[in-house]
Amino acid sequence: MIEIKNVSYAIGGAKILQDINTVIPKGSVTALIGPNGAGKSSLLNLIGRIEPLQTGTIDVDGQNVTTSHSGRLARTMAFLGQHTAVASRLRVSELVAFGRWPHCHGRPGPEDHEKVADAIAQFSLRGLADRFLDELSGGQAQRAHLAMTFAQDTPWVLLDEPLNNLDMAHSRILMRKLSDLRDAGKSVVIVVHDLNQAAAWADHLVAMKHGRVVVSGAPDEVLTPDWLSALYDTEVQVLRYADRPLVLSHV
Amino acid sequence: MSDTVIAPSQTQRRFPLWRNPILWLFLLLILSCAMWLFQGISGNYDFILMLRAKKLGALICVGAAVAVSTVIFQTVSANRILTPSIMGFDALYVMMQTLLVASLGVAGFAALASAPKFLLETGLMTGLALALFGTLLHRGARDIARMILTGVILGTLFRAGSGLLARLMDPNAYATVQSVSFANFARAQTDVLSIAAVVTALALAAAIWLGPRLDVLALGRERAISLGLPHARIVILALVLVAILVSVSTALVGPVAFFGLIVAGLAHMISNHMTGGARHRVLLPVSALVAITILVVGQTVFERLLGQQATLSVVIEFAGGLFFLWLLLKGKIR
Ligand SMILES: Nc1ncnc2c1ncn2[C@@H]1O[C@H](COP(=O)(O)OP(=O)(O)OP(=O)(O)O)[C@@H](O)[C@H]1O
Ligand SMILES: [Mg+2]
């Protein structure tokens, strides 16, 4: 369980997040939704302790993200940000191997090699393992970053817009993998813009706007025409398909 | 899926020993050291060998210090174009030396033994460098152009500061300050050699320990933190090492502006060829070996063959300056 209590965040006087209080349940796939600039990435960065908290507290499985040992937190949660570029020039296999750092600190054992090979295979990167990241297409690079995050093999996985650059097939494969993680007892938090992916795969939604949580709950409760129209300031229709909401927003 | 072609996925590339560049660089270094020590030796063997060994020791310390400090600094600041000297680190050291003379008085300063003096200077330098560059790099400086400008300004400021101080305390001392504003490999200050060697060895050991952490740091701040690296602490430790190593090389031969740039560039080329990535456990030793070899071979050629004691630094700086320009013009600043 991730407990977010009284979290506010400001950058240079601009209020980015205002008094966020919410709980992200364990053992489920949670989707953060909301318009551009709502503060989804900012909140995820705070959970992933990428930026220090200014006010309020965040606990991940009872570990306070500010005071807990960072190395231990890295074995509790894996984080993939919205902007994935890395500074150094790396091969795919090297990048994925960095996912094992929290466990082996640069001295990989057989288990680490196995997990890395497994993550490479899972994201169908075997043929690309020896390529440099800057020699990949956008979607291939995104899969390499996701493989690194999976190799970290943590109880919590935080992904900021992981469907970026992925085609239809790979998007579905990723979402299925995330639900497999959930079925294996892990917990997933993702930021998504495609509400139908959220409707199809998420168990819990947190909708944000202007730095506040507007509504949270099960997809059926959140993905209603009223909430969505208010959230995005635009007309949104919601149908039902296969017993799940189907959001129509393109026309 | 289209790209499930089976290919060997190596997470680590193993080379046969004879293809390991570190081995070849090491042999080359041994050879050049032997040449430096024994070339054309005659007369008072013991005396000449002693003299040459001292100079060699200084060259080794300086090469290792310049190379390792540059590689670390480039990793911490996430670029391949800035060096501690371009950022004004060694100008800071020179200014601090001048400051110490000014505050203790020439006589008081001379009374200090060279080892404690060196340690005092290095300690002060480390503190100052941390205060200045720690804040600059804390957030992972992304704007390289601003960093270069800051470095130029700081460098000029520190040099002007030492000049001003020197003029104020004693017009004659001004000449001394001027003379230490350019490197001279031939007139290495061998009185601080032993303490400098110990400090260098300790700093290098710390750098090797830091190696894998620098690999993680090189991924960028966000990745490093999410992998559990104590980012701020590692950046500070890296800066401390850089400050110490710059103190060593500046104390021994004076400021070297562009040498580190060439060495780091070469080391990255060699290590890319070897491991395919910036593995600091490879990069750091390779850079040190390259730097020392260039200095020893260069000094042998210029001092023994051409009879030009003081020219090496000028040539190196000129080549380094051209390399710097080339990097800038090609836009290779990452
Ligand atoms: N470094 C920064 N300095 C100033 N403002 C920032 C900074 N980073 C983000 N913001 C602002 O904070 C607000 C929230 O940004 P955030 O990235 O969290 O939005 P988001 O919900 O992830 O949006 P998107 O869907 O476009 O990714 C935005 O208004 C943005 O302009
Ligand atoms: Mg975002």
Side-chain angles (χ1 to χ4, degrees), chain A residues 45 48-51 69-103 105-108 112-113 116-117 120-121 123-132 140 143 145 148-149 152 158 169-170 173, chain B residues 1-13 71 74-80 138-142 144 208-234 268-269 271-273 275-281 283 332-334:
Chain A
N45 282 341
R49 65 173 173 336
I50 306 301
E51 302 298 334
H69 182 248
S70 186
R72 197 172 144 221
L73 281 171
R75 292 189 291 275
T76 305
M77 59 179 169
F79 171 93
L80 183 63
Q82 184 169 6
H83 307 287
T84 48
V86 294
S88 42
R89 190 161 193 261
L90 292 173
R91 288 174 204 279
V92 170
S93 54
E94 293 170 325
L95 178 79
V96 179
F98 272 114
R100 297 305 296 166
W101 170 268
H103 306 273
H105 296 102
R107 284 184 299 275
D112 299 302
H113 288 302
V116 170
I120 287 176
F123 285 89
S124 33
L125 292 164
R126 297 249 287 268
L128 304 171
D130 285 338
R131 289 247 218 121
F132 284 104
Q140 291 167 339
R143 272 149 52 203
H145 290 290
M148 172 185 163
T149 314
Q152 207 171 329
L158 317 178
H170 280 108
I173 292 172
Chain B
M1 279 146 280
S2 55
D3 42 20
T4 39
V5 194
I6 302 301
S9 110
Q10 305 147 291
T11 39
Q12 214 143 31
R13 328 192 110 213
V71 169
Q74 291 191 342
T75 297
V76 172
S77 59
N79 78 93
R80 295 277 181 79
H138 180 60
R139 289 266 137 175
R142 284 274 153 258
I144 306 287
I208 290 297
W209 175 83
L210 205 59
R213 285 149 190 90
L214 289 173
D215 293 339
V216 177
L217 194 75
L219 295 175
R221 178 172 170 273
E222 186 181 298
R223 283 305 168 83
I225 293 178
S226 57
L227 289 176
L229 191 81
H231 184 266
R233 233 182 302 158
I234 296 292
H268 272 286
M269 264 164 59
S271 117
N272 270 349
H273 167 74
T275 61
R279 291 275 157 289
H280 284 80
R281 283 262 161 97
L283 200 51
K332 282 201 166 190
I333 57 175
R334 280 283 145 112

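All values below come from the heavy atoms of this structure, side chains included, with hydrogens, waters and symmetry mates left out. These numbers were taken from a predicted model, which means no experiment stands behind them.
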One option among B:Leu227, B:Ile225, B:Leu229 has the most heavy-atom pairs under 4.5 Å with chain A, and it is B:Leu227
Decide yes or no for B:Arg223 and A:His145: does some side-chain heavy atom of the first lie under 4.5 Å from some side-chain heavy atom of the second? yes
Just so I know, are the side chains of B:Asp215 and A:Phe98 near enough to count as touching, which here means a heavy-atom distance under 4.5 Å? yes
Atom group of B:Arg213 that falls short of 4.5 Å from chain A, counting heavy atoms: both
Engaged part of A:Thr84 at the chain B interface, taking heavy atoms whose separation is under 4.5 Å: both
Please flag which part of A:Leu158 lies under 4.5 Å from any non-hydrogen atom of chain B: side chain, backbone, both or neither. neither
Leading residue by heavy atom contact count with chain B [cutoff under 4.5 Å; candidates A:Arg107, A:Gln152, A:His69]: A:Gln152
Looking at every non-hydrogen atom in both residues, tell me the closest pair between A:Ala74 and B:Ser226 and how far apart they are. CB-O, 3.6 Å
What pair of heavy atoms forms the shortest contact from B:Arg221 to A:Glu51, and how long is it? NH1-OE2, 3.4 Å
